[in-house]
Amino acid sequence: MEEKGFSKGLARKDLLSIEQLTTEEIWTILRTARSFREVLERPIPIVPSLRGKTIVGLFFEPSTRTALSFALATKRLSGDYQSFSLSSSSVAKGETVLDTLKNIEAMRIDGVVIRHPNPGIGHFLAKRLTCFVINAGDGAHEHPTQALLDIYTAWEKNNYKTLEKKKVLIIGDILNSRVARSDIYGFSKLGAEVALAGPPPLLPPEAKTLGVKIYYQIDDILPEFDIIIALRIQSEREKGLSPIPNLREYRKHYGITRERLKRIRDDTLLFHPGPVNWGVELDFEVSKDIRSTILGQVKNGVAVRMAVLLLLAKGDEI
Ligand code: CP
């Protein structure tokens, strides 16, 4: 399947969601990322593909992995990456995001990477800017590069064989999760079967319309899955009353505990997008478990973001 329809570039200007991408485009990104994974193993992991290009990172929400890996990805491609502190920018004086970006664009940049709490802000900006826009997480809507690195990691761990019919279980705070939405679209487009599990208040009603199975308990189903993705409980997005009684109760029913690790197959991959609430979504034992791919996901994030930047900036092929 992955051979069919492979093309060298992306026809689109921006990367705003996985929902928009065709299966062909996802494969183009994965294959390009594979070349960059090899580059990243070299003694000097730098190629000249984005020489002369400038990317700006604007993070209106905290980030470690995404922000730093976009910066590193640009530098590994020999491009310039500028990020700035929003608290010391004119955003703090009330300048709108669009005005901010119009001003940054006037300084002749090629692309912007934006994380913002408003769902759909990337679409709004992309229509109004000439430079390309990459959505690095928009509220609870999508986080496309996280899904791409998750899919890449699953593909790599599957010896670059098809993910068709692979069974993926996403556990936890689906309600607030942009990662869940992007993973559902992405894994499904590649033919994997996605299921969701969590307490009913954290499973949004529209989840049923996304063509996924839904479970309210996990103990009996864990052995069925090839990939298990635990999500962070996003307490910071709760407005008013918490939808779950408390974190201890959550761990008891949905955490990947030492006991539950015994129910998971030896060949299953354990993912978490980070940051992890250890002792809630995952017991600390998971960090030492051979099935845990959490740091592998982070490592692959640089190669995947190099691929996305190269394809959108129309940089030189390596
Ligand atoms: N997975 C993820 O988006 O992590 P950061 O919030 O640290 O970027």
Side-chain angles (χ1 to χ4, degrees), residues 2-3 6-10 13-15 25-59 62-85 104 107-115 131-137 143-161 269 271-275 287 290 292-318:
E2 60 263 40
E3 296 296 335
F6 172 60
S7 66
K8 281 195 168 163
L10 294 184
K13 176 172 88 68
D14 312 289
L15 176 64
E25 287 175 305
I26 295 175
W27 278 119
T28 298
I29 296 168
L30 296 178
R31 285 177 173 280
T32 309
R34 188 175 176 183
S35 317
F36 286 131
R37 273 294 282 113
E38 286 160 26
V39 168
L40 293 176
E41 295 305 321
R42 294 180 191 166
I44 300 176
I46 298 177
V47 287
S49 311
L50 285 195
R51 207 161 41 196
K53 306 270 186 193
T54 303
I55 313 298
V56 170
L58 275 171
F59 282 72
S63 169
T64 297
R65 282 147 285 265
T66 313
L68 191 58
S69 65
F70 267 114
L72 282 176
T74 309
K75 287 174 186 178
R76 304 277 190 243
L77 292 167
S78 307
D80 293 317
Y81 188 88
Q82 299 293 331
S83 60
F84 64 84
S85 157
I104 293 170
M107 298 179 210
R108 220 191 118 190
I109 62 158
D110 298 282
V112 63
V113 177
I114 182 160
R115 171 171 289 187
C131 68
F132 67 79
V133 176
I134 298 177
N135 173 13
H143 189 350
T145 56
Q146 178 68 42
L148 290 165
L149 73 88
D150 287 350
I151 294 165
Y152 182 89
T153 306
W155 183 49
E156 178 189 64
K157 293 281 180 189
N158 197 37
N159 295 319
Y160 302 105
K161 289 190 282 207
L269 303 173
F271 284 19
H272 191 299
S287 69
I290 194 154
S292 166
T293 32
I294 297 170
L295 294 179
Q297 289 168 267
V298 176
K299 186 172 186 174
N300 288 335
V302 178
V304 164
R305 288 170 177 130
M306 287 169 82
V308 168
L309 288 166
L310 176 92
L311 291 165
L312 293 180
K314 315 268 185 281
D316 298 330
E317 297 281 328
I318 53 165

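Keep in mind the model is a prediction, meaning the values are calculated, not measured.
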Between Thr28 and Leu311, is the side-chain contact (heavy atoms from CB on, under 4.5 Å) condition met? List the steps.
CA-CA 9 Å; Thr28 298; Leu311 291 165; 4.0 Å; yes
Please evaluate residues Met107 and Val56 with respect to the criterion side-chain contact (heavy atoms from CB on, under 4.5 Å), reporting the C-alpha separation (whole Å), side-chain torsions for both, the decisive distance (0.1 Å), and the verdict.
CA-CA 11 Å; Met107 298 179 210; Val56 170; over 6 Å; no
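Annotation: side chain of Leu148 is in contact with side chain of Ile26 (closest heavy-atom distance under 4.5 Å). The side-chain heavy atoms of Arg305 and Ile134, taken from C-beta on, include no pair separated by under 4.5 Å. Looking at heavy atoms from C-beta onward, His143 lies in side-chain contact with Thr66 at the 4.5 angstrom threshold. In this structure, Leu10 and Ile29 have side chains that are in contact, with non-hydrogen atoms separated by less than 4.5 Å.
To the nearest 0.5 Å, atom CD of residue Gln146 and atom CD1 of residue Ile151 are 10.5 Å apart. Taken to the nearest 0.5 Å, the CZ atom of Arg76 stands 16.0 Å off from the CG atom of Leu310. Between the CG atom in Asp110 and the NZ atom in Lys314 there is a gap of 11.5 Å [rounded to 0.5 Å]. Between the CD atom in Glu156 and the CG atom in Asn300 there is a gap of 4.5 Å [rounded to 0.5 Å]. Ile55 CD1 to Ser83 OG: the interatomic distance, rounded to the nearest 0.5 Å, is 12.5 Å. For the atom pair NZ (Lys53) and CG (Leu312), the distance works out to 11.0 Å, reported to the nearest 0.5 Å.
Val302 approaches Ser69 most closely through the heavy-atom pair CG2-CB, 3.8 Å. For Gly301 against Leu149, the heavy-atom pair with the smallest separation is CA-CD2, 3.7 Å. Here the closest heavy-atom approach between residue Ala67 and residue Ser63 is recorded as N-OG, 3.0 Å. Between Ile109 and Cys131, the closest heavy-atom pair is O-CB, 3.9 Å. Between Ala313 and Leu50, the shortest heavy-atom distance links the atoms CB-CD2, 3.6 Å. Summarising the geometry of Phe36 relative to Val47, their closest heavy-atom pair is CE2-CG2, 4.0 Å, with the distance given to 0.1 Å.
The backbone N or O of Val133 sits less than 3.5 Å from a side-chain atom of Asp14, completing a donor-acceptor pair. A donor-acceptor pair under 3.5 Å links the side-chain atoms of Gln297 to the main chain of His272, judged by distance alone. Judged by distance alone, with hydrogens and angles left aside, the side-chain atoms of Arg115 form a donor-acceptor pair with the main-chain N or O of Ala136 at under 3.5 Å.
Cation-pi geometry between Arg34 and Tyr160 is met: the NZ or CZ atom falls under 6.0 Å from the ring centre, inside 45° of the normal.
Between Leu309 and the options Thr32, Leu77, Thr145, a side-chain contact (heavy atoms from CB on, under 4.5 Å) holds for only Leu77.
Within a 6.0 Å sphere centred on NZ of Lys13, heavy atoms belonging to other residues, nucleotides or ligands number more than 12.
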